[in-house]
Amino acid sequence: MKTSSDLSFAAENAHNKVYGGFDGVEVPQGLEREIAERRANNHTKRLHHHAFRCRNAEETRHFYEDVLGFPLIQAVIQNRDFGSHQDNNFCHIFFELADGSALAFFDCTGSLVTRDYEPGTGFDHHVALYVESDEDLNYYKRRLDEAKIPNHYVDYIVYHSLYVNDPNGLNIEFCANPPITADYELKAELVAHRDLKTWMDFAHNGQGSK
């Protein structure tokens with residue numbers, strides 16, 4: 001499983017990743033209230049669905065519904081030509097999450113079939129799904145192990161993550177927050193623009209881009 005080796009470095013460097021840039025950073029009073037107000041004022045309230053291509057609708061259903069326990073709630077069958085002069089049928093399937101959002105997939109025919117399905121790494125494309133505790137991570141790990149599906153756990157100190165590639169090469173991350181997460185996220189927000197500028201100077205505007 002490519003994701004395991006490609007992401008394992010993060011655990012080795014987790015301490016530097018987490019608090020290396022927080023020296024002198026103090027969380028001002030009222031920041032959590034400001035964040036709550038900002039979220040309340042956002043016109044987009046939650047994820048509706050995340051869509052990805054699948055190679056076989058039933059194979060995908062088995063992984064998400066039978067193994068992970070996400071109910072299949074829609075299977076929409078349509079035909080689109082898009083000027084190709086071919087029949088381009090597709091089935092759009094949706095798997096429900098607890099907040100009412102969904103992971104969705106397209107099983108396509110004709111010229112709409114445009115990609116391979118080799119598993120990629122989480123750096124290419126992944127969907128991170130929040131769970132409430134390490135017990136929930138263990139729940140999914142047990143189900144994946146029982147189904148003999150490779151998976152990989154990483155302790156990032158501020159996040160605990162379980163990674164698995166679905167049958168279509170989409171990397172799924174189940175992510176739990178340990179007690180330290182709340183403090184980390186407040187401080188990370190305060191320095192996010194600074195750290196982005198540091199990256200841009202290194203990777204795109206300075207020596208790192210040469």
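Quick note: residue numbers are just sequence positions, from 1.
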Could you please spell out the steps behind the salt bridge (Lys or Arg N to Asp or Glu O under 4.0 Å) verdict for E37 and R33? CA-CA 6 Å; E37 291 176 355; R33 175 181 52 79; 3.3 Å; yes

With the side chain counted from C-beta on, respond yes when L103 and V127 share a heavy-atom pair under 4.5 Å apart, and no when they do not. yes

Value for OG (S161) from CD1 (I172), rounded to nearest 0.5 Å, stands at 12.5 Å

R143 side-chain N/O to D66 backbone N/O, donor-acceptor pair under 3.5 Å: yes

Report the distance from atom NE2 of H193 to atom CE of M200, rounding to the nearest 0.5 Å. 13.0 Å

Can any side-chain N or O of E65 pair as donor or acceptor with the backbone N or O of L72 at less than 3.5 Å? yes

Can you check ring-ring contact (aromatic ring centres under 6.0 Å, His included) on Y64 and F105, steps first, answer last? CA-CA 11 Å; Y64 285 99; F105 298 85; 5.0 Å; yes

Quick one: do F63 and F70 end up in the same hydrophobic cluster if we chain Ile, Leu, Val, Met, Phe, Trp and Tyr together by side-chain heavy atoms under 4.5 Å apart? yes

Rounded distance [0.5 Å steps], CD in E96 versus NE2 in H49: 14.0 Å

Between L68 and F95, is a side chain to side chain contact (heavy atoms under 4.5 Å, CB included) present by the stated rule, with each step listed? CA-CA 10 Å; L68 297 182; F95 300 93; over 6 Å; no

Can you find a pair of side-chain heavy atoms, one from H160 and one from C175, that are under 4.5 Å apart? no

Any luck finding a side-chain donor-acceptor pair between S133 and D136 under 3.5 Å? yes

dist E58:CD -> C91:SG (nearest 0.5 Å) comes out at 11.0 Å

Which heavy-atom pair separates V27 from L190 by the least distance, and what is that distance? CA-CD1, 4.0 Å

How many angstroms lie between CD in Q78 and NE2 in H92, if you round to the nearest 0.5 Å? 8.5 Å

Identify whether L97 and Y130 are in the same connected component of the hydrophobic contact network (ILVMFWY, side-chain heavy atoms under 4.5 Å). no

Check A176 against D134 and note the closest heavy-atom contact, atom names and distance. CB-OD1, 3.9 Å

Please tell me whether N56 and D107 have a donor and an acceptor in their side chains that are separated by less than 3.5 angstrom. no

Do the side chains of N171 and D166 get nearer than 4.5 Å, heavy atoms only? no

Chi angles and distances behind the side chain to side chain contact (heavy atoms under 4.5 Å, CB included) call for K141, N151: CA-CA 7 Å; K141 181 163 182 57; N151 57 88; 2.6 Å; yes

Between V154 and Y163, does a side chain to side chain contact (heavy atoms under 4.5 Å, CB included) hold up when you go through it step by step? CA-CA 8 Å; V154 178; Y163 295 92; 4.0 Å; yes

Assess, by modelled atom type and distance only, whether the side chains of Y159 and E173 contain a donor and an acceptor separated by less than 3.5 Å. no

Could you state whether L129 and I73 fall into the same hydrophobic cluster, counting links through intermediate Ile, Leu, Val, Met, Phe, Trp or Tyr residues with side-chain heavy atoms under 4.5 angstrom apart? no

Smallest heavy-atom separation, S101 atom then D99 atom, equals OG-OD1, 2.5 Å

Step-by-step salt bridge (Lys or Arg N to Asp or Glu O under 4.0 Å) determination, R55 to E59: CA-CA 8 Å; R55 62 182 177 182; E59 177 186 52; 2.8 Å; yes

Can you check side chain to side chain contact (heavy atoms under 4.5 Å, CB included) on I35 and L186, steps first, answer last? CA-CA 9 Å; I35 292 172; L186 290 173; 3.5 Å; yes

Are F52 and V76 linked, directly or through other ILVMFWY residues, by side chains that come within less than 4.5 angstrom of each other? no

Distance alone, cut at 3.5 Å: any donor-acceptor contact between the side chains of N168 and T60? yes

Does H50 form a ring-ring contact (aromatic ring centres under 6.0 Å, His included) with H125? I'd like the steps, not just the answer. CA-CA 12 Å; H50 175 280; H125 189 175; 5.0 Å; yes

Rounded distance [0.5 Å steps], CZ in R194 versus OG1 in T198: 6.5 Å

Which heavy atom in P150 sits nearest to a heavy atom in K148, and how many Å separate them? CD-O, 3.8 Å

